[in-house]
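In what follows, a structure is listed as C-alpha cells, so that the remarks can point back to it.
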Amino acid sequence: MNGSKKIRQQLNIILLTLFILGTVSGVFAQKKAADWFQDGVNAADLNAKIVNYKKAIEQNPFFIEAYYNLGLVYKKLGDYKNAEESFRLAQASNPEKLNPDIKLKIFYELGITYKKLNRFDEAKTTLVEAINIAGNPQLRATIWYEIGIISILQEKYDEALIQLNEGKKIAENKTGQFDQAIKLANQKKNSQIYYQQGLNYLTRQKTEDALESFRKAQSFDPTYKDVQTQIARLEKLEDATAPDQRDSEENLPELYRRAISSLNEKRFQEAITLFERIQANNPEFLDVKEQLQLARTQQQASTSEPELEQNYERGMRALRNRDYLEAFIALEKVRSINPNYKQVQWGLNQAKQNFQRQTSPEDPNSPANLSYRFYTEALTAMKNQKWVEAVNAFEMVAQINPRYRDTQKLLLDARTKLDSAKLNRLTEVELELKSREAQLYFEQGLANIKRENWLQAVIALEKAEVLQPGNLKEVKKELKVAREKLAEQEMTYRTERQQFLSEMNSSSSWMAFFSILFIIGLLLFALFYFIPTARARFHLIRGKYDKAKPIYESLLTTRPGDAELYKTLANIYLIENREDEPAIRIYESIIRMNLNTQRNDDIKAILRKYYQKRDGERLDTDNLIEEKLDPRISEIKRNEPSIEK
C-alpha cells in the first residue's frame, strides 16, 4: 500500500509539473507574438513591418490584428493581391474574437482593395457589409461615397445617384465632394443615353441623327468612351459621301489604293473613312474588313502624349493669336484627358473670357445665343418631366450667364422636382434593404435559439426588432422566449457560483488545497488520455515519434486547415528520412501554404529531387517548385483610405 501511494504521489507531481510548464510556455509564446506585432507597428520601413507581422503570425496563426496590419502594408505598396489575402485571413482566422470595430475595418479595407483590383461587384458587396455594422455617420457617408464611385465606374449611374444621395444626407463636412460626384454621375448618365441613341441610329444607317446624338453626348461629357472619334468619323463620312458623289464599282480599286497609302502614311482617320466607303459599296472587296480593323487599331494606339502636347501647343498658339474659339476647342481636348496638364486651366479661362467679349450677337456660338438654346432645351425638358435634362440645361445657362431671364428660379424648381423623384425612389430602396436586413437577423436569431445560444439570439432578434420587418409579431414572440431563457441561464450560473463559493468557505484550507490538487490531477489525467494533442505532445517530448506520428496523422484528417499539424508531421518525417508519397504530400502542403519551418530548405531539396525523378524536369529555383505546386502562383505574382491598428 505504501508503494502504491508513493507512485500515485509521484505521478501527481509529474502531471502538475507538466501542466505548469505547458501554461508558462503558452504565455511566453503569446508574449513573443505580441512583441513581434509591436515591432511591426513601430517599424518605419514597410518591408520591416511585413517581416515583423509575419513573425507574429508564425507564432500565433490566429492573430487577427497582425493579418489586418499586414494587409494595410501591402495596400500601401500597391500589392493588392497580397493585401486581399491578408484581409481575408484576418476575417477568417478567428471569427469568435472578431469584435465589431476590427470587423468593420477589415470589411472596409477589403472592399477598397477589391475596388483597386477592378472586382467591382465584390467591392460593393463587402462595403455594404461594412455599412451594416458601421455606427459612425461620417464613416457610413464615406462608405456610401465609395460605393457610389464604384457604380459610376460600372456605368450604373442610377444606382450611383441613389447611393451618393444616401451618403450626402448623413455627411456633415463633405457635401461638396458628394455634389461633384453627383454632377459627374448625371453628366455621364446623359452622355450614356445620347451615346446609346447614336449607336441605335447607326444600326439603322441614320448618320445625321447619330451625329446629332453623339454631339449631345459630347456636350455633357467630352471624354465619354469614343464619342469624339465617332463624331470625327461621321463628320468626314458625311463630307465624303454626298448624295451626288456615290462610289461606283469602278472607283473601288482607286479608293482602296488611296486608303492603303493613307494608312502607310499614318493618316488613320482618312484611311478609315476610305475603307468604310469601300465596305459600304462592297463588303467583300479584297481584304477591306481586315484593313479597316487594322486602321482603327493603329489610330487608337497613336492617341498618346504627343497628341496631348500637340493640342496644348495649338491652343496656346491660338490664344496668342487671339483666335479664342480655336484656343478653347484645343485646350478643352487637353483638359478632358488631363485637367492638370501644364497651364491648361488658365488658358481655358483666358479663352472663355476673351471669346465672350469678342463674339458678336449674330454669332450662333455667342453667349446670348447659347443661353437661349440651352434655356429652350431646359423648358422643353421640364414640360416632359425630364428633370435631369432640365437641370443640366439650366446649369449650362447659369454657367454662361447667371442672370439670364428666370434661370435661377427655374433651376431651383427643377432641382427640387429631381430631388423629390430621387427621394421617392430612394425610400423604396431603403425599405427593401431594411426588410432584407431584418429578415437576415431574424433567421440568425432562430438559428441561435436552436443552438440554445441565448445571448446571440437576443442580440440578433433585437436588431431585427429595431429594423421593423413585416413579421414584427413573430420577432417579438421569439425575442421574449430568448430573453426568458437567457435570464434563466444567468440565474442558474449565479446560483451555482454562489453554492461553490459557500462550499469553499465552509471547508478547511487544507481540504480545499487537496481538493484543488485532486481536480488538477484529474484534469491532467483526462487531458492525457482523452485529448489526442496532449498525448501526442507527451510522446514527442519522450522522443517516441512512432507513437506520436499516427495521432497527428489522424488529427490531420479532421483538421485539414491546421498549419501546426503540417509543420509537426513534416519534422517527424524529416527525422525519419521519409520521401514516400504521404511524406511528399505533407512537404508540398508546407510550401503551398507558405509555412515557415527550420528545415524549409531540406523540404525544397526533397521536392526538387522528387519532381526531377517523376517528370524529368530540372527545377533550379524555389520559384519553379512553387509554380509546380500551383500554376496560379506566377500569375498572382505578376498581377497585383487606410486605418492602421
Side-chain angles (χ1 to χ4, degrees), residues 149 152 174-191 194 214-225 227-229 231-232 303-378 388-408 410-412 414-415:
I149 294 299
I152 291 176
K174 296 183 178 180
T175 54
Q177 183 184 32
F178 281 95
D179 288 336
Q180 291 179 0
I182 290 169
K183 182 178 179 181
L184 176 64
N186 277 317
Q187 289 175 339
K188 287 190 174 292
K189 178 183 175 182
N190 290 325
S191 291
Y194 284 115
F214 285 133
R215 284 171 176 164
K216 286 185 178 179
Q218 185 187 40
S219 69
F220 288 107
D221 183 3
T223 65
Y224 189 78
K225 292 189 175 180
V227 65
Q228 294 184 0
T229 303
I231 291 172
T303 305
S304 59
E305 184 70 22
E307 184 177 350
L308 204 66
E309 178 65 23
Q310 183 181 1
N311 280 322
Y312 179 78
E313 291 296 335
R314 182 162 63 91
M316 298 304 287
R317 185 168 54 253
L319 188 63
R320 289 193 295 270
N321 295 334
R322 299 185 180 182
D323 187 352
Y324 300 118
L325 181 58
E326 173 68 13
F328 185 84
I329 293 171
L331 293 174
E332 179 60 28
K333 289 181 179 179
V334 177
R335 188 207 62 78
S336 65
I337 298 172
N338 184 356
N340 299 318
Y341 191 80
K342 295 185 178 181
Q343 294 181 306
V344 66
Q345 192 59 55
W346 175 85
L348 272 173
N349 292 336
Q350 293 295 315
K352 181 178 178 181
Q353 293 170 7
N354 286 288
F355 175 69
Q356 289 178 344
R357 288 196 295 265
Q358 187 185 63
T359 51
S360 64
E362 293 78 16
D363 189 338
N365 290 322
S366 68
N369 289 328
L370 286 174
S371 298
Y372 175 77
R373 192 179 83 192
F374 285 117
Y375 183 83
T376 305
E377 288 181 6
V388 174
E389 294 180 19
V391 168
N392 288 330
F394 278 130
E395 284 179 347
M396 292 296 293
V397 178
Q399 288 181 14
I400 299 168
N401 184 0
R403 298 182 180 180
Y404 188 81
R405 299 189 183 181
D406 54 350
T407 294
Q408 296 296 336
L410 292 177
L411 176 58
L412 180 61
R415 283 175 174 165

Examine distances only and state if a side-chain atom of Q228 and a backbone atom of P222 form a donor-acceptor pair shorter than 3.5 Å.
-> yes
Got I149 and I152 here, is their nearest side-chain heavy-atom distance under 4.5 Å?
-> yes
Can you list the steps and then say if W346 with L319 is a side chain to side chain contact (heavy atoms under 4.5 Å, CB included)?
-> CA-CA 11 Å; W346 175 85; L319 188 63; 4.0 Å; yes
CD on Q187 to CD1 on I182, rounded to 0.5 Å | 12.5 Å
F214 vs T229 side-chain heavy atoms within contact, under 4.5 Å | no
Any chance you could measure T407, atom OG1, to L411, atom CG, to the nearest 0.5 Å?
-> 8.0 Å
Looking only at non-hydrogen atoms, find the nearest pair between V391 and R415 and report the distance.
-> CG2-N, 3.8 Å
State whether the side chain of S191 and the backbone N or O of K188 hold a donor-acceptor pair below 3.5 Å, judged by distance alone.
-> no
Interatomic spacing from CD in E313 to CG in L331 - rounded to 0.5 Å = 10.0 Å
List the steps, then state whether side chain to side chain contact (heavy atoms under 4.5 Å, CB included) holds for L412 with F394.
-> CA-CA 9 Å; L412 180 61; F394 278 130; over 6 Å; no
Could you tell me how the ring of F220 sits relative to the ring of Y194: parallel (under 30°), tilted (30 to 60°) or perpendicular (over 60°)?
-> parallel
Taking all heavy atoms of A351 and all of A327, pick out the closest pair and write down the distance.
-> CB-CB, 4.1 Å
CD of Q350 to CZ of R320: how many Å apart, nearest 0.5 Å?
-> 13.5 Å
